Amino acid sequence: MHQPMSPPDSRSAFWTDLVRSQGTADAAVLGRVLVFGILATVICVVEILTENTVAIDVTPYEVVGAALSLILVLRTNAGYDRWWEGRKLWGGITNQCRDLVLTALRYGPADEAWRENIVRWTAAFGHAARHSLRGEREGPELASLLGAERAELLLAARHMPTYVSSMIAKTLAEALGQQSMSGFAFLQADRQRAQLLDHIGGCERIEKTPLQLAYAVKIRRFIFLFLAALPFALIVRVGWLTPLLTMLVAYPILALDEIGAELQQPFLKTSLNHLPLDEICTTIQRDVLAQLESNRRSQ
């Protein structure tokens with residue numbers, strides 16, 4: 001029997017994270033760090049060899065650096081709030097799918113074909129939502145779940161989650177029309193179906209309203225001016241070590257900037273640490289199909 005994987009040992013995570021590159025901002029920022037290192041080297045060579053040092057006291061940099069750090073933390077927190085809200089919305093989608101299937105199987109008709117239909121359409125909602133958020137029009141898992149013909153119609157729909165929701169509503173209405181589901185149970189199930197659309201609407205709000213461009217541009221200009229001028233404050237104190245120290249300062253600043261930008265889009269696979277939507281959708285499908293199978297065995 002397959003045993004579930006145990007969580008990683010947090011006591012050894014420190015050393016593992018020191019050499020980890022996947023899921024980090026290193027690939028995006030190392031080139032920028034090198035540019036500032038080269039710029040600092042040029043300044044260092046010109047200033048030292050010409051003995052025309054333009055010294056700037058380090059105190060203003062300490063004040064400006066503190067302000068810059070605060071701005072970057074605020075931006076990163078804003079990005080994390082978007083990421084965490086997206087995760088909560090997908091948690092809601094997961095729970096609503098489970099509740100909808102539970103209500104349908106408990107209070108819906110005993111017809112096996114009807115139950116199979118409502119469960120499979122509910123399982124398809126997560127996949128449709130994921131593909132919609134990512135702008136994808138291919139879904140082999142939908143063909144195995146719904147059949148090739150129905151999957152093709154779904155993937156061709158303008159808004160795939162709404163199409164799935166309409167098919168769930170149609171299936172529920174059939175049960176109500178045949179008087180094999182009570183009005184109370186129908187209203188409960190239909191409310192859960194409507195909440196699925198509310199959750200995907202929240203995800204689309206996050207997707208379509210990134211951080212204001214003017215805010216991001218101002219922050220990056222501030223970063224550039226700070227790092228470009230930093231060698232003039234370091235050169236008198238550390239000499240030829242100025243390029244190295246400039247890069248050491250640039251790395252965390254540029255990394256925080258990149259992390260804040262990446263967290264704005266939690267649903268795209270190209271984003272760092274994007275939400276594991278593939279795994280979440282697989283969990284939804286597995287759980288609702290397991291409910292169907294458990295219901296069959298209990299009859």
Side-chain angles (χ1 to χ4, degrees), residues 89-205 277-299:
L89 288 168
W90 270 91
I93 290 174
T94 302
N95 291 336
Q96 290 303 324
C97 286
R98 292 167 178 162
D99 290 343
L100 175 57
V101 167
L102 183 62
T103 301
L105 295 180
R106 179 64 181 85
Y107 303 108
D111 179 66
E112 183 63 27
W114 184 91
R115 294 187 170 199
E116 182 89 17
N117 197 39
I118 191 72
V119 170
R120 289 189 175 275
W121 276 117
T122 304
F125 184 88
H127 296 298
R130 168 169 55 90
H131 291 312
S132 178
L133 290 171
R134 291 176 174 174
E136 299 171 343
R137 287 293 173 175
E138 295 182 357
E141 72 287 339
L142 290 170
S144 61
L145 189 61
L146 302 171
E149 184 177 351
R150 294 199 296 182
E152 184 177 351
L153 292 173
L154 167 56
L155 291 169
R158 183 180 180 277
H159 188 253
M160 290 182 281
T162 298
Y163 182 88
V164 175
S165 181
S166 69
M167 298 306 297
I168 294 174
K170 178 181 177 181
T171 306
L172 292 173
E174 290 174 357
L176 181 65
Q178 297 169 1
Q179 297 184 346
S180 53
M181 173 180 273
S182 69
F184 176 79
F186 170 81
L187 289 176
Q188 180 68 17
D190 197 58
R191 185 181 301 110
Q192 292 161 346
R193 175 199 62 80
Q195 287 176 338
L196 287 173
L197 285 181
D198 290 342
H199 290 312
I200 190 61
C203 293
E204 290 170 346
R205 171 175 49 81
L277 299 188
D278 294 340
E279 292 81 357
I280 294 173
C281 292
T282 300
T283 298
I284 293 172
Q285 178 177 330
R286 184 183 65 241
D287 289 352
V288 298
L289 291 178
Q291 287 188 54
L292 178 62
E293 184 62 28
S294 176
N295 186 267
R296 287 171 178 166
R297 291 197 301 266
S298 62
Q299 291 180 345

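Predicted model only: the values in this text are computed from it and were never measured.
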Query - From CA spacing to verdict: side-chain contact (heavy atoms from CB on, under 4.5 Å), Q291, V119 - result: CA-CA 9 Å; Q291 287 188 54; V119 170; over 6 Å; no
Nearest-0.5 Å distance, [atom1] of residue [X] to [atom2] of residue [Y]:
| X | Y | atom1 | atom2 | result |
| --- | --- | --- | --- | --- |
| L153 | M160 | CG | CE | 13.0 Å |
| H127 | E141 | NE2 | CD | 5.0 Å |
| L145 | R150 | CG | CZ | 8.5 Å |
| R137 | L154 | CZ | CG | 8.5 Å |
| L100 | L105 | CG | CG | 9.0 Å |
| R193 | D198 | CZ | CG | 9.5 Å |

Non-hydrogen atoms of [X] and [Y] that approach each other most closely:
| X | Y | value |
| --- | --- | --- |
| R130 | C281 | NE-SG, 3.4 Å |
| L292 | E116 | CD2-OE1, 3.4 Å |
| W114 | A104 | CZ3-O, 3.7 Å |
| V164 | A128 | CG2-CB, 3.7 Å |
| E204 | S132 | OE2-OG, 4.1 Å |
| L196 | C97 | CD2-SG, 3.8 Å |

Query raised in the report: Under 4.5 Å between any side-chain heavy atoms of F125 and V288, yes or no?
Result: no
**Report entry** Note, I200 side chain near T162 side chain (heavy atom, < 4.5 Å)
**Finding:** no
Report summary line: With sequence neighbours left out, the residues meeting side-chain hydrogen bond (donor to acceptor under 3.5 Å, both in side chains) with D287 are R98
Report summary line: By side chain to side chain contact (heavy atoms under 4.5 Å, CB included), T103 pairs with (sequence neighbours left out) Y107, Q188, A189, Q192
Query raised in the report: Counting heavy atoms not belonging to E136, are there more than 12 under 6.0 Å from its CD?
Result: yes
Requested in this report: Answer yes or no: are there more than 12 heavy-atom neighbours, outside E279 itself, under 6.0 Å from its atom CD?
Outcome: yes
Query raised in the report: Please walk me through it: do R115 and E112 pass salt bridge (Lys or Arg N to Asp or Glu O under 4.0 Å)?
Result: CA-CA 5 Å; R115 294 187 170 199; E112 183 63 27; 6.0 Å; no
Query raised in the report: Is there a donor-acceptor contact under 3.5 Å from the side chain of T122 to the main chain of I118?
Result: yes
N/O donor-acceptor pairs under 3.5 Å from side chains in residues 168-179, not counting sequence neighbours:
residue, atom, partner, partner atom, Å
T171, OG1, N117, ND2, 3.3
T171, OG1, M167, O, 2.8

Query - Under-4.0 Å salt bridge between R191 and D99 - result: no
